Amino acid sequence: MQDQIFHLQYAMDTFYFLVCGALVMWMAAGFSMLEAGLVRAKNTTEILTKNVALFAISCIMYLVCGYSVMYGGEWFLTGIQSVDVDSTLSDFAGREGGFEGGSIYSGASDFFFQVVFVATAMSIVSGAVAERMKLWAFLAFAVVMTGFIYPMEGNWTWGGGSVFGMFSLGDLGFTDFAGSGIVHMAGASAALAGVLVLGARKGKYGPNGEVRAIPGANLPLATLGTLILWMGWFGFNGGSVLKLGDIASANSVAMVFLNTNTAAAGGAIGALILARILFGKADLTMLLNGALAGLVAITAGPDTPSALGATLIGLVGGMIVVVSILTLDKLKIDDPVGAISVHGVVGLWGLLAVPLTNDGTTFGGQIAGALTIFVWVFVTSLVVWLIIKAIMGVRVSEEDEYEGVDLSECGMEAYPEFSKK
């Protein structure tokens with residue numbers, strides 16, 4: 001009987017992991033559509049190429065070495081090719097808690113769930129450096145980011161390792177349930193480093209510091225991308241419960257889904273209202289970024305707030321992202337899709353909001369974790385960007401930027417029937 005229970009739990013938790021991983025993989029489509037909608041038409045093919053290529057690179061680099069760096073074990077996933085059923089059954093029988101104990105799942109499903117998170121972090125970089133970066137410079141950075149930079153900070157956080165062998169973030173009370181800092185702020189930190197090396201798009205800022213709006217080409221596409229991301233986030237946060245096969249875990253999953261959804265709603269409303277106050281109009285791009293900000297904000301701790309608390313956390317995140325986007329523009333930090341604000345600034349807010357509802361977390365621990373993630377990812381990314389710049393350059397020519405990177409980098413246009421002949 002116990003063996004049958006174990007088989008059921010193992011199958012259920014593994015299947016849940018895989019389904020949630022597939023939902024997170026679908027977020028790659030969301031990022032692609034969102035970014036393609038917020039860039040100009042002449043740069044659409046290149047941004048789509050980057051998003052598909054970075055996902056493929058993430059999968060390969062995390063397989064080759066990233067998973068090993070983050071969690072230990074052999075490179076090339078040689079240690080999770082098969083399952084010893086008898087040994088696994090023995091481990092289950094000897095543990096405390098039995099069926100209600102921790103999650104038990106296939107090692108391959110764990111890798112799959114983890115690798116789509118890596119791709120998410122890298123996708124954040126794509127939008128921030130859009131419209132003026134060389135494609136192959138970006139892809140070269142993706143190799144290092146997904147194979148080393150992200151896995152190292154992941155080892156110090158989810159992997160339980162000590163930061164340079166000096167201290168453990170877990171011992172300081174650091175908690176990041178699904179990755180507001182570990183995934184989202186990390187991606188934004190790498191993006192910030194890239195944007196600073198790259199510089200702003202031509203014409204974005206006037207000689208007197210005035211900010212010139214550069215509208216995206218396809219707002220329906222951007223809206224579709226946002227809604228796909230909203231949907232995929234249920235796998236992102238829900239899968240991070242790690243287990244479904246008992247009443248307590250199932251209830252936790254349901255609350256995480258509920259809080260994820262309502263935080264996104266709160267973020268959307270917060271951004272919409274603040275944009276109306278500041279601009280006198282309902283700004284769709286701020287609404288979209290507000291929804292994403294609410295999702296990022298709740299990701300660090302979707303398991304402990306009430307639904308009302310999650311809504312308020314998302315609401316604050318939505319308002320923060322509007323202010324952050326405006327502030328970065330004043331600082332002449334050109335981010336075409338608002339990725340640094342959504343994932344970085346609001347990612348920090350998400351970390352700091354956790355102690356409000358989770359007694360096992362401390363503000364000191366959250367700050368220490370945030371600083372560790374930011375300093376490590378930003379500094380290492382800056383070094384890598386500068387090396388790539390010295391070797392092959394990171395920015396396309398002024399002429400190619402004017403004509404659009406679709407033709408110079410990919411040799412084709414996304415909307416050829418609308419191009420001037």
Side-chain angles (χ1 to χ4, degrees), residues 28 30-54 122-142 145 187-188 190-206 210-223 225-226 284-286 288-289 292 325-326 328-344 381 385 388-389 392-416 418-420:
F31 279 113
S32 298
M33 296 301 97
L34 174 65
E35 294 170 16
L38 292 180
V39 301
R40 288 166 288 184
K42 61 185 180 180
N43 300 310
T44 305
T45 299
E46 195 259 0
I47 200 77
L48 295 173
T49 303
K50 285 198 303 184
N51 273 277
V52 176
L54 75 84
M122 192 61 218
S123 295
I124 295 165
V125 183
S126 173
V129 300
E131 301 202 297
R132 72 273 200 206
M133 175 169 276
K134 291 182 177 180
L135 173 63
W136 289 96
F138 173 82
L139 298 182
F141 177 79
M145 176 68 178
L192 177 61
V195 168
L196 293 178
V197 172
L198 193 61
R201 291 168 291 174
K202 296 294 182 182
K204 174 63 177 177
Y205 304 110
E210 63 270 24
V211 179
R212 297 168 178 166
I214 302 180
N218 195 327
L219 292 183
L221 203 61
T223 303
T226 300
L284 174 61
T285 60
M286 290 298 183
L288 300 180
N289 277 327
L292 296 177
I325 289 172
L326 297 176
L328 290 185
D329 261 342
K330 289 182 180 179
L331 296 174
K332 297 186 178 181
I333 297 175
D334 184 16
D335 178 358
V337 303
I340 297 171
S341 296
V342 170
H343 301 276
S381 296
W385 284 123
I388 294 173
K389 181 179 181 180
M392 61 187 300
V394 294
R395 184 159 186 152
V396 300
S397 68
E398 188 170 339
E399 179 182 357
D400 287 341
E401 184 177 345
Y402 177 78
E403 294 293 335
V405 292
D406 281 2
L407 291 176
S408 64
E409 296 293 298
C410 301
M412 63 179 69
E413 297 174 289
Y415 311 106
F418 296 111
S419 63
K420 296 179 181 179

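Predicted model only: the values in this text are computed from it and were never measured. Heavy atoms only: backbone and side chains are in, while hydrogens, waters and symmetry mates are out. FYI, the numbering just counts along the sequence from 1.
- Scored by the salt bridge (Lys or Arg N to Asp or Glu O under 4.0 Å) test, Glu210 finds Arg212 as partners (sequence neighbours excluded).
- Of all heavy-atom pairs spanning Thr49 and Cys410, the tightest one is OG1-SG, 3.7 Å.
- The salt bridge (Lys or Arg N to Asp or Glu O under 4.0 Å) test applied to Glu409 returns no partner, not counting sequence neighbours.
- With contacts defined as side-chain heavy-atom distances shorter than 4.5 Å, the pair Leu34/Val337 does not qualify.
- Minimum interatomic distance between Pro336 and Gly127 (heavy atoms only, all atoms of both residues): CD-O, 3.6 Å.
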Candidate pair Leu135 and Val405, rule side-chain contact (heavy atoms from CB on, under 4.5 Å), full reasoning: CA-CA 9 Å; Leu135 173 63; Val405 292; over 6 Å; no

Steps toward side-chain contact (heavy atoms from CB on, under 4.5 Å) verdict (Val129, Val195): CA-CA 6 Å; Val129 300; Val195 168; 4.2 Å; yes

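- In this structure, Ile124 and Gly187 approach most closely via the heavy-atom pair CG2-C, 3.7 Å.
- More than 12 heavy atoms of other residues, nucleotides or ligands sit less than 6.0 Å from atom CE of Met392.
- With Asn43 contributing its side chain and Gly404 its backbone, the two residues share no donor-acceptor pair below 3.5 Å.
- Shown here are the side-chain hydrogen bond (donor to acceptor under 3.5 Å, both in side chains) partners of Glu46, two or more places apart in sequence or in another chain: there are none.
- The side chain to side chain contact (heavy atoms under 4.5 Å, CB included) with Ser341 is formed by just one residue from the set Leu326, Asp329, Ile333, Leu328; it is Leu328.
- Thr285 is linked by a side-chain hydrogen bond (donor to acceptor under 3.5 Å, both in side chains) to Asp283, counting only residues two or more places apart in sequence or in another chain.
- Scored by the side-chain contact (heavy atoms from CB on, under 4.5 Å) test, Lys332 finds Tyr205 as partners (sequence neighbours excluded).
- Remark: Tyr402 pairs with no residue by the side-chain hydrogen bond (donor to acceptor under 3.5 Å, both in side chains) rule, at least two apart or across chains.
- Under the side-chain hydrogen bond (donor to acceptor under 3.5 Å, both in side chains) criterion, Thr226 pairs with no residue at all, not counting sequence neighbours.
- The two residues Ser32 and Leu48 make their nearest non-hydrogen contact at O-CD2, 3.8 Å.
- Under the salt bridge (charged side-chain N to carboxylate O under 4.0 Å, His left out) criterion, the residue pairs touching residues 123-138 are Arg40-Glu131, Glu131-Arg201, with sequence neighbours excluded.
- Side chain of Arg395 to main chain of Met133: no donor-acceptor pair is present (N/O by atom type, distance under 3.5 Å, no hydrogens or angles).
- Under the ring-ring contact (aromatic ring centres under 6.0 Å, His included) criterion, Phe141 pairs with Trp385, sequence neighbours left out.
- At a threshold of 4.5 Å between non-hydrogen side-chain atoms, the residues Leu38 and Asn218 do not count as touching.
- Ala414 pairs by the side-chain contact (heavy atoms from CB on, under 4.5 Å) definition with Thr44, Thr45, Asp406, not counting sequence neighbours.
- Ser126 pairs by the side-chain contact (heavy atoms from CB on, under 4.5 Å) definition with Glu35, Ile47, Lys50, Asn51, Leu54, Phe138, not counting sequence neighbours.
- Applying the side-chain contact (heavy atoms from CB on, under 4.5 Å) test to Leu284 and every residue at least two apart in sequence or in another chain returns Leu219, Thr223, Leu287, Leu288.
- Closest approach of Ala53 and Leu139 over heavy atoms only: CB-CD2, 3.7 Å.
- Taking a 6.0 Å sphere around NZ of Lys389, one finds it holds 12 or fewer heavy atoms contributed by other residues, nucleotides or ligands.
- Contact between Ala137 and Gly393 at its shortest, heavy atoms only, is CB-O, 3.5 Å.
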